[in-house]
Amino acid sequence: MCASASTKRGAASWDMAASRSGGTPLTRDLNFSRDMTFGVDLANGTYDVTVTAGDAAFTDSIHRLTVEGVRAIDDFIPTTAEVFRTNKV
């Protein structure tokens, strides 16, 4: 499986991993990479994939996630009322 993400928050030209305080294990850790992609080695088959986008520390981003060519999160702009968005594809 290959997933890609894009964000429009400054110049995302760096690799980064962070752990925010609070939240849940799902929402407190994050990773960025230069090309905004990550992959998971899985046996051939059909899978349900659940993705979450957002950052507890910032709401000034636009998030877009694609999983195997299927748009999972489309131009999500976090607010204080909705910091994270989750979708299953």
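A quick note: this is a predicted structure, and the numbers were derived from the prediction, not measured. Numbers for residues simply follow the sequence, beginning at 1.
- In terms of heavy-atom proximity, F76 sits nearest to F84 at CZ-C, 3.8 Å.
- From H63, atom NE2 reaches atom OG1 of T52 across 11.5 Å, with rounding to the nearest 0.5 Å.
- Taken to the nearest 0.5 Å, the CD1 atom of I62 stands 6.5 Å off from the CG atom of D75.
- The two residues P78 and S61 make their nearest non-hydrogen contact at CD-O, 3.1 Å.
- Of all non-hydrogen atoms in L42 and Y47, the two that sit nearest each other are CB-OH, 3.8 Å.
- Of all the heavy atoms in N87 and A72, the pair that sits closest is ND2-O, 2.7 Å.
- Between K88 and the options T50, V51, V67, a side-chain contact (heavy atoms from CB on, under 4.5 Å) holds for only T50.
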**Item:** Test side chain to side chain contact (heavy atoms under 4.5 Å, CB included) applied to T59 and T79, step by step
**Value:** CA-CA 6 Å; T59 57; T79 65; 5.9 Å; no
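- In this structure, OG1 on T66 lies 8.0 Å from CG on D74, to the nearest 0.5 angstrom.
- Nearest approach of V83 to T80, heavy atoms of both residues: CG2-O, 3.9 Å.
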